[in-house]
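Numbering of residues begins at 1 and proceeds along the displayed sequence.
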Amino acid sequence: MPSARAAVLRQTATPMTIETVQVGPVAPGDVLVRIRAASLCHTDLEAIEGALAVKLPAVLGHEAAGEVVELGADVTELSLGDRVVLSWNPHCGHCFYCDQAQPILCSQFLANGPNAFHFDGRPRLACDGAPMHQLMYLGGFAEYCVVPVQSAIRVPLAMPYDRAALLGCGVMTGVGAAIRIADLRWGAAAMVIGCGAVGLSAVQGCRMAGAGTIIAVDPNPARRQLAQALGATQACSGDQDEAVALARTLTDGRGSDVVIEAAGVSASFRLSVEAVRPGGQVVWLGKTAVNAGVEFRWGSLMQEKRITRSSYGGARPAQDFPLLAQAYLDGRLQLDEMISARIPLEAINEGFAALKRGETVRSVVMFA
Ligand SMILES: [Zn+2]
Ligand SMILES: [Zn+2]
């Protein structure tokens with residue numbers, strides 16, 4: 001069992017501590033991944049702040065890439081030295097929801113999630129003999145991570161680790177919202193609300209799907225500028241009247257064909273349904289507190305609008321991660337612009353403080 005330096009969350013709303021943990025065992029069907037890059041996502045921040053309940057102590061980190069260094073028995077899909085991006089949605093493949101092609105709702109995935117251990121429900125991390133939890137079946141803020149083989153998706157060796165890490169959550173979710181959930185048509189009018197990592201990825205998903213118009217909505221001028229550099233054709237602040245008027249001006253008064261919400265505040269959920277055209281598609285990616293209410297003007301929900309809430313952009317990681325990596329290598333998906341900082345593990349708490357302040361799109365922890 002290798003030992004690994006890891007950022008450990010022992011108590012919510014306190015800094016993570018850098019500790020040495022034991023990683024393993026590598027059971028049949030597992031792989032041991034040496035993590036080389038892991039980026040900081042808002043879901044980790046929710047766990048740190050206690051908004052997302054996670055059993056503690058835990059190693060967070062669910063947007064990570066690394067190298068396969070050990071194969072469990074029966075693993076034939078991967079080889080030592082493969083470069084992999086981690087997926088946080090392992091699924092059984094044969095339950096009611098897996099049969100409906102909705103792996104994100106897999107019974108085993110949902111049932112074992114709150115335990116925050118490995119997908120089989122048993123721990124793969126320990127500290128001084130006591131089991132430790134891992135967020136979203138991963139625990140990427142550590143030098144090593146044991147995952148089921150289906151959570152380790154091979155990407156080309158040419159894919160840099162730091163940019164590969166981004167594919168595992170934020171980029172997949174944003175691009176997937178446009179391509180897999182919204183089923184956006186060539187030439188369509190799209191609006192993306194919120195230009196953090198997920199929203200900026202949604203902008204790129206809309207661009208790659210051939211949207212004719214992409215309106216980026218964000219109160220931060222620097223984020224709007226970045227969205228335009230990544231493919232948005234228009235940008236406006238979060239003001240609802242202004243954003244709705246812009247969408248209608250560009251569509252003969254109809255409204256946007258597709259609206260992707262990636263901000264996670266009440267005003268953005270309201271804007272999404274006001275700005276979409278009759279019969280259009282809304283995709284909600286953001287989230288607010290689970291017990292919070294969100295008010296809508298009833299009329300804004302009428303006229304055959306479709307609303308889908310998605311956690312992972314309809315991800316099919318085994319298919320999508322290699323395609324996303326290739327899109328980056330071909331220059332069709334821009335990831336360099338989304339990395340605000342590369343930091344050592346010791347700077348992880350400051351990295352999350354910067355994310356909370358809205359100063360960074362993505363900080364990436366780089367492991368040696
Ligand atoms: Zn299942
Ligand atoms: Zn995430």
Checklist line | Side-chain heavy atoms of V217 within contact of L246, under 4.5 Å | finding: no
Notebook entry, point to check: Does any non-hydrogen side-chain atom of P160 lie less than 4.5 Å from one of Y328?
Noted result: yes
Notebook entry, point to check: Are L45 and L40 grouped together when hydrophobic residues (ILVMFWY) are joined by side-chain heavy atoms under 4.5 angstrom apart?
Noted result: yes
Checklist line | Side-chain donor or acceptor of R180 paired with backbone N/O of V175 under 3.5 Å | finding: no
Next item on the list: Could you state whether V276 and M302 fall into the same hydrophobic cluster, counting links through intermediate Ile, Leu, Val, Met, Phe, Trp or Tyr residues with side-chain heavy atoms under 4.5 angstrom apart?
Entry: yes
Next item on the list: Give the minimum heavy-atom separation between V258 and S256, together with the two atoms involved.
Entry: O-OG, 2.9 Å
Notebook entry, point to check: Side chains of Q22 and S3: is there a donor and an acceptor less than 3.5 Å apart?
Noted result: no
Margin query: Measuring only between side-chain heavy atoms, which start at C-beta, is C127 closer than 4.5 Å to E19?
Written below: yes
Notebook entry, point to check: Rounded to the nearest 0.5 Å, how far apart are OG1 of T360 and CG of L355?
Noted result: 4.5 Å
Check: With hydrophobic residues grouped by side-chain heavy-atom distances under 4.5 Å, do V283 and V171 end up in a single group?
Finding: no
Margin query: Has E261 got a side-chain atom pairing as donor or acceptor with G264's backbone, closer than 3.5 angstrom?
Written below: yes
Margin query: To the nearest 0.5 Å, what is the distance between CE on M136 and CG on D44?
Written below: 7.5 Å
Notebook entry, point to check: Could you give the distance from CD1 (I179) to CG (L184), rounded to the nearest 0.5 Å?
Noted result: 8.5 Å
Next item on the list: Test L86 against H62 for side-chain contact (heavy atoms from CB on, under 4.5 Å), laying out the working first.
Entry: CA-CA 7 Å; L86 301 188; H62 63 281; over 6 Å; no
Notebook entry, point to check: Taking the side chain from S310 and the backbone from L285, do they hold a donor-acceptor pair closer than 3.5 Å?
Noted result: no
Checklist line | Atom CG of D330 with >12 non-hydrogen neighbours under 6.0 angstrom | finding: yes
Checklist line | Any donor-acceptor N or O pair under 3.5 Å, side chains E242, S237 | finding: yes
Notebook entry, point to check: Is there side-chain contact between C206 and I260, with at least one heavy-atom pair below 4.5 Å?
Noted result: yes
Item checked: Any donor-acceptor N or O pair under 3.5 Å, side chains E63, S39 -> yes
Checklist line | Y137 and N89 side chains, donor-acceptor separation under 3.5 Å | finding: no
Margin query: With a 6.0 Å cut-off on the ring centroids, do F117 and H133 count as close?
Written below: yes
Notebook entry, point to check: Quick one: which of V59, V8, V146 gives a side-chain contact (heavy atoms from CB on, under 4.5 Å) with L125?
Noted result: V59
Next item on the list: Please confirm whether the backbone N or O of M16 pairs with a side-chain atom of N349, one donor and one acceptor, at under 3.5 Å?
Entry: yes
Margin query: Once you measure the plane-to-plane angle for F296 and W284, does it fall in the parallel (<30°), tilted (30-60°) or perpendicular (>60°) bin?
Written below: parallel
Check: When you measure from the side chain of R5 to the backbone N and O of A142, does any donor-acceptor pair fall under 3.5 Å?
Finding: no
Checklist line | Heavy-atom pair with the smallest gap, counting every atom of A152 and V31 | finding: CB-CG2, 3.8 Å
Checklist line | Backbone of Q240 reached by a side-chain donor or acceptor of R270 within 3.5 Å | finding: no
Atom pairs and distances, donor-acceptor, side-chain atoms in residues 191-202, under 3.5 Å, two or more places apart:
unit_1: S201; atom_1: OG; unit_2: A197; atom_2: O; d: 2.7

Checklist line | Spacing of F141 atom CZ and F367 atom CZ [to the nearest 0.5 Å] | finding: 8.0 Å
Margin query: Quick one: does any side-chain atom of R83 pair with a main-chain N or O of L157 as donor and acceptor, under 3.5 Å?
Written below: yes
Check: side-chain contact (heavy atoms from CB on, under 4.5 Å) between I18 and L345: does it pass, once the steps are laid out?
Finding: CA-CA 8 Å; I18 308 304; L345 187 63; 3.8 Å; yes
Note to self: Are H118 and P123 packed together at the side-chain level, in the sense that at least one heavy-atom pair is separated by less than 4.5 angstrom?
What the structure shows: no
Note to self: Using the rule that Ile, Leu, Val, Met, Phe, Trp and Tyr join whenever any side-chain heavy atoms are under 4.5 Å apart, tell me whether V149 and I153 fall into a single cluster.
What the structure shows: yes
Check: Which heavy-atom pair separates G255 from R277 by the least distance, and what is that distance?
Finding: O-CB, 3.4 Å
Check: Which atom names give the shortest non-hydrogen contact between L329 and A158, and what distance separates them?
Finding: CD2-O, 3.7 Å
Margin query: What I'd like to find out is whether the side chain of D30 reaches to under 4.5 Å of the side chain of V75, using heavy atoms alone.
Written below: no
Next item on the list: Using modelled atom types only, decide if a donor and an acceptor are shared between the side chain of D82 and the backbone of L78 within a distance under 3.5 Å.
Entry: no
Item checked: Ion pair R224/D218, N-O distance below 4.0 Å -> no
Item checked: Pairwise distance CE(M159) to CG(L335) - rounded to 0.5 angstrom -> 5.0 Å
Notebook entry, point to check: With the threshold set at 4.0 Å, does a side-chain nitrogen-carboxylate oxygen contact exist between E274 and R297?
Noted result: yes
Next item on the list: Would you mind reporting whether I339 and L166 have side-chain heavy atoms less than 4.5 Å apart?
Entry: yes
Checklist line | Taking every non-hydrogen atom, the tightest pair across L71 and S79 | finding: CD1-CA, 4.3 Å
Checklist line | Spatial distance of atom CD (E49) from atom OG1 (T14) [nearest 0.5 Å] | finding: 12.0 Å
Check: E67: what forms a salt bridge (Lys or Arg N to Asp or Glu O under 4.0 Å) with it, not counting sequence neighbours?
Finding: R36
Next item on the list: Answer yes or no: is there a donor N or O on one side and an acceptor on the other, between the side chain of D320 and the main chain of A315, under 3.5 Å?
Entry: no
Item checked: Nearest heavy-atom neighbours spanning L56 and L9 -> CD2-O, 3.6 Å
Check: Between V33 and V147, does a side-chain contact (heavy atoms from CB on, under 4.5 Å) hold up when you go through it step by step?
Finding: CA-CA 8 Å; V33 178; V147 298; 4.2 Å; yes
Margin query: Quick one, M208 with L333, criterion side-chain contact (heavy atoms from CB on, under 4.5 Å). Give me CA distance, side-chain angles, the key distance, then yes/no.
Written below: CA-CA 8 Å; M208 289 192 284; L333 176 65; 3.9 Å; yes
Next item on the list: Report the residues that fulfil salt bridge (Lys or Arg N to Asp or Glu O under 4.0 Å) with D120, sequence neighbours left out, ordered by chain and then residue number.
Entry: R122, R124
Distance-only donor-acceptor hits, side chain of residues 98-112, under 3.5 Å, sequence neighbours excluded:
unit_1: Q108; atom_1: NE2; unit_2: F119; atom_2: O; d: 3.1
unit_1: N112; atom_1: ND2; unit_2: F119; atom_2: O; d: 2.8

Margin query: For the residue pair W88 / S151, report whether a side-chain donor-acceptor contact shorter than 3.5 Å exists.
Written below: no
Notebook entry, point to check: In this structure, are over 12 heavy atoms from other groups packed under 6.0 Å from R10 atom CZ?
Noted result: yes
Note to self: Salt bridge or not between D257 and R185? Use side-chain N to carboxylate O under 4.0 Å.
What the structure shows: no
Checklist line | Hphob cluster co-occupancy, V290 + I48, side-chain heavy atoms under 4.5 angstrom | finding: no
Checklist line | Partner residues of E77 under the salt bridge (Lys or Arg N to Asp or Glu O under 4.0 Å) criterion, sequence neighbours left out | finding: none
Which donor-acceptor pairs under 3.5 Å do side chains of residues 225-234 form with protein atoms, sequence neighbours excluded?
unit_1: T233; atom_1: OG1; unit_2: I214; atom_2: N; d: 2.9
unit_1: T233; atom_1: OG1; unit_2: I214; atom_2: O; d: 3.2

Check: When you measure from the side chain of K305 to the backbone N and O of S300, does any donor-acceptor pair fall under 3.5 Å?
Finding: yes
Note to self: Is the shortest side-chain heavy-atom distance between I307 and V273 below 4.5 Å?
What the structure shows: yes
